[in-house]
Amino acid sequence: MTSTATTTPTTTSTFGAVIRTGLIATVAASAATMAVAAVGHAAGISLDVADAPIPVTGFGVLTAVFSLVGVVLAALLSRFARRPRRTFVRTTVVLTVLSLVPDVIADAGAGTKALLMLTHLVAAAIVIPAVARRLAA
């Protein structure tokens with residue numbers, strides 16, 4: 001008796017799953033950062049940086065742009081990295097920490113800086129785990 005094992009390449013389905021999950025996470029993170037900004041503003045925290053107001057929708061747009069950069073990074077890693085999940089998580093955690101630097105040095109009040117940093121962390125907390133789960137370990 002012989003048995004034949006059939007294997008199907010998971011790269012294509014993983015790639016598609018990474019993209020789909022990334023897009024969903026991007027929408028969720030954009031909505032969440034706009035909600036955080038709106039609640040912060042309603043609580044009296046200024047959204048002004050260097051005397052220029054940041055519109056609440058600006059939080060969503062920038063979150064979407066940079067989250068999509070992360071999704072593209074994940075898609076590329078799913079194709080080319082030996083350990084895509086580990087590489088993605090390490091890279092995006094470092095990038096998240098680096099994204100806090102402009103908030104720390106921004107020409108804004110302490111509350112505004114804290115709110116800006118919170119939105120970065122909220123977006124990262126939504127996108128990174130969601131996308132990482134779709135990458136091969």
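No hydrogens, no waters, no symmetry mates; every other heavy atom, side chains included, goes into these values.
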Using 0.5 Å steps for rounding, measure from the [atom1] atom of [X] to the [atom2] atom of [Y].
X      : Y      : atom1 : atom2 : result
His120 : Leu115 : NE2   : CG    : 9.5 Å
Asp48  : Ile54  : CG    : CD1   : 8.0 Å
Thr92  : Ile128 : OG1   : CD1   : 3.5 Å
Thr63  : Leu68  : OG1   : CG    : 10.5 Å

Cluster question for you: counting only ILVMFWY and a side-chain heavy-atom cut-off of under 4.5 Å, with indirect links fine, are [X] and [Y] together?
X      : Y      : value
Leu118 : Leu47  : yes
Ile45  : Val49  : yes
Val101 : Leu121 : no
Val122 : Phe66  : no

Give me the atom names and distance for the closest heavy-atom approach of [X] to [Y].
X      : Y      : value
Arg85  : Arg133 : NH2-O, 3.8 Å
Ile19  : Ala75  : CD1-CB, 3.8 Å
Ser67  : Ala29  : OG-CB, 4.4 Å
Ile126 : Ala25  : CG2-O, 3.7 Å
Ala64  : Thr26  : CA-CG2, 3.6 Å
Gly22  : Val131 : CA-CG2, 3.8 Å

Side-chain donor or acceptor of [X] paired with backbone N/O of [Y] under 3.5 Å:
X      : Y      : result
Lys113 : Asp103 : no
Thr91  : Phe88  : no
Thr21  : Val18  : no
Ser99  : Thr96  : yes
Thr119 : Leu116 : yes
Ser78  : Phe15  : no

Between Val36 and Phe59, is any pair of side-chain heavy atoms under 4.5 Å apart?
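Not in contact.
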Side-chain contact test, heavy atoms from C-beta onward, threshold under 4.5 Å: evaluate it for Arg86 versus Leu135 and give yes or no.
no
